[in-house]
Amino acid sequence: MMALALPTLALLLLLLSLVYASADNVIGATPNAEFVPWNDSKYPLVEWIRKKRGGYVSDKIQLRSRPRSNDENGPIDFGWFAIDDISQGEVLMIIPVDAYIDNYIENDEEDDEEDEEKDPLCLDISTLVQEYENGKESPYYVLASFILDKDSPGSMRNRQPGFWSKEAKTILWNIMLDEFLHPDEDESNLSYQDDCGWNVRFKTANTKTKQLHEEAFRYFIANANGNLLFPLHDLIPHRNGKWRNTDIKREWNGRVVVKAYKEIPNGGQLYKSFNRCDFEDGGCDDWDQMFVATQDILRGTGRIEDYPRRWIVVAQPGNEDFTSVFDIDKKDDGTFQVTWKSGPPNLFVVNFMKAHFEAFEKKEATIREAVTKLQSAFERDTILQFLEAYKEALNLGWIHRNGDQSNRTPQLDPFEEPKGLLTRVDDYFMCYIDRDCAGRDFDNTFITSHYQEMKWKSCPELDNSCLTLDGIIQSCTSFRPHYHESFVHIPAQYAKEMKRVAFLGGGDNLLLYEILKYPDLEKVVGLELDQTVVRYAFKHFGASPFFHDPRMEWWFGDASKSFLALPKEYYGSFDLVIVDLLSFIADTLKVTDELTLMEAAGLLMKRDGGIIVKQEDFAISMIDDQFAKYTTKMLFRDLPFLCEQTITMGSNSVDFFHAPRYNHHIETFVRDDYLVHSDGGESDLPFPAWNEYYRVPDYDCDQKQNNSMEEPPTPPTSSRFGVLLIIEAEDLTLLESIKDYRAKVSIIATQTGLSPVDVSDDSTITDQDFLVMLQEGYIVARPHPESKYIGFDVMLWDELQKLDVLKKELIVGFGGSLKNSSSSFRIVSGGMSGIGDGVCQKETLSTIAADHRRMLCSSQNSSEGIHTDSLVHAIVVRDVVSSFISNDSPKVLLILCGDEGTACASLDGASGDENTVFLSLYSCSPTLEMNVCQTRLQNLIQDGVAKSAKLDGIIVDASASIQTCQMLHRFLSRGEVYDAMLKEKYLVLTSVSNDEGWRSLFVDRFRTELGAFFAPSHRADFRLRKDKHEIEWRIFASGCEEFFLHLSDVLSNVTEKTKWAHSLDAVENGNKRFVVDFVPSKTLRDEHYNKTMARNQWNSQHPVGYQIVAQMQQIPARMPFEQGERVLVNTLFDGPWDKIYEPAIVKRVHDNGVIVQYEVETRNGDKQEEVKHEHILRAFSKRQTQSDSFQVGDIVLYDTGAQGIFVVSMISKVHRGAEYFDLAKLGIDGIKYYNVSKSRLMSESESPDLFTESPTLSRGKLLAAFQHALLQLRKSMSTEEAQNIAPDFFTIGDGMVATAFWSHGNSILKWNGETRVEINLFLDREDRGDSVNFRNVFTASVGSLATVMLDEFPRGYGQIVNFPSQLSQPPLWIKNAPSRRH
């Protein structure tokens, strides 16, 4: 099934003015005419079958026909009727093998690539056309002419919607509301050309013959049984349920026998089912047949399915988990039976149906008006019938969202644990819109870096550019301000100062664009993996990385390592920390054994007033615990392309619910209404886009936490890190000679407190570039005196705290300015074994984390328990009701009280309002039978609703019993009752005592289970405290858009009236609503951004060289797999995270001496050739992992039980003694698995004993490999240089640094003395081929080395960002510069 992008309501309204106005004003579905015997003199199909050898048609059945509408030329319906009583099993028809066409060819494994051209359906259709063209001489002419004659009643031309008028098709698609239903857009989408165009006979045919193929194709699609079309049987209509009364069977000799499935009385009509497969050798498949639904029957036949109707909800195309199938049957008493064939729907499907039903109601009148103006009565009648059927399906699907409950009475809910659709939520897109430049010219640029695949798409017509990484949309000009203004400025308004900002990710430079708007900014630190993205972002977005801004400090590398290299003083110093990473990456990757990236990022924010914010992309946060003491989740639903954006801001010191907001005087494109515009003032949105809120309870200083705060042991020195600082120093003072430059660099290093070891000075090699070797690192300088420019590489593996001082002294010492004449960035690299202490290694970061926990840790505030102050209860009830329920009409409140005759504080508090109707429900006497009590409850509510209106609220008094709430829950658990008893906007309120946790679960059932699944549907937990007394409350409100504002007013008023302090613990919302006709608030174009500075920078760039820094790690080699070995093979390659493993057997090993590849065969027989080593795992026995101890954040293989398929997932929650776990599948689809037994998990990591021991690295081996690699660069050397090239080397600590300089380049080799090797290669021209050859030869010579980090960048001046190859092809915003606004 294909999901279509359907016409908008605006287009429908336009077409109203185009359709003919001659139709009647009011149209209803035309009653069906009576069936009459069919006069088959022209198409004697029945006699044709009877005359065939072995052919048979029972005398007890008669073929009849009737017009489907009042149209004179409208389609004809056929039907078979019993003209005598027919017994069960009685033969009705026998279709001999020579009466139908069958071109089935047995597949040959040797010719798999030709299987497509053996498609029997395509060949059968082509044979039928050929027989038709042979005329009356053909044995199939009667059948062929019935199907293909232009005026034949069998023709599909007037039936299928693909042949309808443009106006009728547009109306039909508007009924179907986007993806819910999906017939074809036009006749070309139901096409022999598309499905069978390979057929040689078709390809060489004339236009008339091709048209006949198309006509026959449509007939087969509508009437064939699998791939085969059986004459006469094809005229039996479809109808399921009790109506189906025929069976079909294909016997061994090929003849087809149709029998009565059950007794058929005289006058009864024959029916078959499209949803059954009576045989499989004709291409029929039970699974496929299940998905033949009312919308498909309309598409193929132009007929509306009779009851029982089957409907399919395809809520997310391509995802079976979000597809539901249900049947609707109409009973004799007029009520409906709904049966979910695929099981009860998940939350996404329910959301999808409700949203489409609500959207349909808004446009139904417009659709009906458009139908009245159609010329064709057949089109009018069919559309109106389908409109009613579709509306009925949406409504009944929603009512029966919890499955079929008509024949069962729900058990009483014990309220012991969370329950309902909302407790198990996978995230998803909330609308479907065109994400492409459909119908427009566009330019694609594909870039593959060491880390990921990038695609840049530019649409000149839309003036829009987009970036995707590994197939995931990241940024577009059109939604740039929606996303980045929200991410930066809304959290920033809770920070009193905006002087220091750090961000993770943000490689598109668009975050930085917003950050640099703050006038008091002093320092920005960006941690990004891939600088290739940063450089291309400048080209395609015109967004500079601001390497030249002294406030900006880029750190390129793996963020989990960058955290360990940051200066210690950075921690606890930032006003705002932004985590712009995919959620599962931030929550999965570890910095230390205890800290994830997200947790480490939290350590950067100030302890007093610091804010951290993360994006949630399209997946729910994988880790269930909160990353800060106070967190607020915000949802924005106006983004072009993306529809929505969710961000969560947190703080350990700022309680966002009570905190003031600050005006930082920032200009925005789309988020101005969300910001305050006066110091300490208010905005129109006091809780801008707030969706949820959490306050982590006061930390318990239990033994586990105390243990975690002990000083950690010192790790081995191999965990050390270094930093390579790249400096482009411009506008410098000229010195007389290169020797002077060398001397000055050495002096500056010494004055900075570093220890020079040697200065390279070999004029026979180069008279320009040089290196100063330090005990703590090295400095490479590449002076260009004629351009007043020096390019510096400053590598430090010790004394890293001196890096900024050294940078300043190098620039200023040569007459430059930090502000106006330099660019710089950092690359996180390895350290040097045996040298120094390093800076902020794992032990330091663990100490910072322990100090942080001590700061947050405090003893719980003591409380003497619940205080049942009736006055306080009355005030809370009165304020909640008056604030949350409108006074526009009389309110109806259901009050659940305790025993009759006892005090009911909630009723007392709510009473006195003349505009309120109170339904007081008291607990039943213990002597009263439960069913009698249940009936009393139901009658009270139903009578009250009948006399007044639906309920506005339910108040559960402190005296109410659990039994009363259980019975109310049972009564409302049926969808139709819930909808009939409660208004769309209503509230539920209760207080909660220490031993009555069931009250919280009862209140939350309205949000998670009963029906108010979708936002706004908030549940809030708050408490009132005075002295050592405390009252906890739970409130649920459905349909309240300004929930946080009302809640704030209630809590403030209650505190003022009672003098009891309040605190808000949590607010949870319902699921996001699906948006059908999505319209973004504003769509931006590139021209909206002032590109003057970017254009000047683009034109000023002057590259002088090309550089790569390759960091390599010695990796133990995995033992090779053997032929016949059972393995797990990755069968999904949708990015670096999405992996699905299937059991397989190694069939063949291919070894060319360099790369080992395998041919494997999976369990279902699929063969894969040339499978790489890294895509295979050994199939361990699960018993071997029973002793493994899994914890949150571990990556595991989950045995799904589906044919041995293993999904790579992350543990998100541990249950029941670490024997059961919740998992989150890695990737952005948000799929989660719950309560998975440990027995179905395996660690993704293989045992160390399955790896071969790597040979020890040595100075001699590395130097030989280095020299061998240098010879690959001979073409950039003079003859003398090539003959004499020999690296110098320096012993530093346990490691070594080797250097080589020649006239057109230089290279530095660094070995840390253990398993880490780095290559720093500079060439004075952009030559990626030489770079790749150099690295390949080096790694092949050493062996067992893998490149783990790779940085590639240009060198030069003029605020250099881009390579010459990039500059040679100007981007869209440069090409169109003259026409841009500024």
Side-chain angles (χ1 to χ4, degrees), residues 722 724 737-739 741-747 749-750 754-783 790-798 829-835 1105 1107-1112 1257-1274 1276-1313 1316-1324 1330-1331 1334-1335 1337-1338 1341-1342:
L724 174 61
S737 67
I738 293 299
K739 187 173 182 179
Y741 284 95
R742 294 169 178 161
K744 193 169 188 66
V745 171
S746 183
I747 292 170
T750 302
L754 302 176
S755 306
V757 175
D758 184 80
V759 179
S760 63
D761 187 10
D762 189 346
S763 59
T764 63
I765 298 296
T766 175
D767 60 358
Q768 190 158 317
D769 300 352
F770 62 91
L771 172 140
V772 175
M773 192 68 223
L774 310 170
Q775 187 67 22
E776 302 85 1
Y778 65 76
I779 302 172
V780 175
R782 303 182 183 90
I790 303 177
F792 291 105
D793 298 357
V794 180
M795 174 73 214
L796 292 185
W797 49 72
D798 191 20
S829 68
M832 186 68 74
S833 178
I835 292 291
Q1107 191 166 349
I1108 64 109
V1109 176
Q1111 302 182 48
M1112 305 171 187
L1257 295 180
S1258 67
R1259 179 187 302 129
K1261 187 174 186 178
L1262 292 171
L1263 285 173
F1266 190 42
Q1267 183 156 3
H1268 191 193
L1270 288 169
L1271 294 178
Q1272 305 303 309
L1273 305 174
R1274 284 188 295 258
S1276 69
M1277 302 177 186
S1278 67
T1279 302
E1280 181 182 0
E1281 288 172 341
Q1283 291 175 346
N1284 297 302
I1285 190 73
D1288 295 329
F1289 70 90
F1290 306 89
T1291 300
I1292 304 293
D1294 299 331
M1296 173 193 69
V1297 174
T1299 68
F1301 284 76
W1302 61 99
S1303 55
H1304 294 285
N1306 46 74
S1307 185
I1308 316 293
L1309 165 69
K1310 179 168 76 75
W1311 172 44
N1312 74 343
R1316 188 89 170 188
V1317 178
E1318 296 171 19
I1319 293 288
N1320 181 347
L1321 174 64
F1322 172 84
L1323 301 173
D1324 65 1
D1330 274 1
S1331 166
F1334 181 91
R1335 286 183 283 123
V1337 170
F1338 178 78
S1341 299
V1342 175

Minimum heavy-atom distance [X]-[Y], with the two atoms named:
X       : Y       : answer
Gln1111 : Ser829  : OE1-CA, 3.2 Å
Ser1331 : Leu1321 : CA-CD2, 4.1 Å
Ala1300 : Ile1285 : CB-CD1, 4.2 Å
Arg1335 : Ala1110 : CD-CB, 3.8 Å
Leu1263 : Pro1287 : CD2-CG, 4.4 Å
Arg1316 : Trp1311 : O-CD1, 3.3 Å

Atom [atom1] in [X], atom [atom2] in [Y]: separation rounded to 0.5 Å?
X       : Y       : atom1 : atom2 : result
Phe1322 : Gln1107 : CZ    : CD    : 7.0 Å
Ile790  : Tyr741  : CD1   : OH    : 5.5 Å
Leu1273 : Asn1306 : CG    : CG    : 11.0 Å
Ile835  : Asp1294 : CD1   : CG    : 8.0 Å

Would you check if the side chain of [X] reaches a backbone N or O of [Y] as a donor-acceptor pair within less than 3.5 Å?
X       : Y       : result
Glu1318 : Val1109 : no
Ser746  : Arg742  : no
Glu776  : Ser755  : yes
Lys1310 : Gly830  : yes
Gln768  : Pro783  : yes

Side chain to side chain contact (heavy atoms under 4.5 Å, CB included), that's the test. Do Asp793 and Leu724 meet it? Break it down for me. CA-CA 7 Å; Asp793 298 357; Leu724 174 61; 4.0 Å; yes
In this structure, which one of Leu1309, Thr1299, Ile1308 forms a side chain to side chain contact (heavy atoms under 4.5 Å, CB included) with Phe1266?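 Going through Leu1309, Thr1299, Ile1308 one by one, the side chain to side chain contact (heavy atoms under 4.5 Å, CB included) with Phe1266 is satisfied by Leu1309 alone.
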Sole candidate of Arg1274, Glu1280, Met1277 that passes side chain to side chain contact (heavy atoms under 4.5 Å, CB included) when paired with Trp1302: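 For Trp1302, the side chain to side chain contact (heavy atoms under 4.5 Å, CB included) check succeeds only for Met1277.
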If we count only N and O atoms by modelled type, under 3.5 Å, do the side chains of Thr1291 and Arg1259 hold a donor and an acceptor together?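 Yes, a side-chain donor-acceptor pair sits under 3.5 Å.
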Below 4.5 Å, heavy atoms only, C-beta onward: do [X] and [Y] meet side chain to side chain?
X       : Y       : result
Leu774  : Pro756  : yes
Phe1334 : Leu1270 : yes
Phe1338 : Val1317 : yes
Gln775  : Ile1292 : yes
Met795  : Val1297 : no
Met832  : Asp798  : no

So Leu771 and Asp1288, side chain to side chain contact (heavy atoms under 4.5 Å, CB included) or not? Walk me through it. CA-CA 11 Å; Leu771 172 140; Asp1288 295 329; over 6 Å; no
Look at atom NZ of Lys744 and say whether more than 12 heavy atoms of other residues, nucleotides or ligands are closer to it than 6.0 Å.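 Result for NZ/Lys744: open.
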The test is side chain to side chain contact (heavy atoms under 4.5 Å, CB included); show your working for Val745 and Phe770 and say whether it passes. CA-CA 10 Å; Val745 171; Phe770 62 91; 3.8 Å; yes
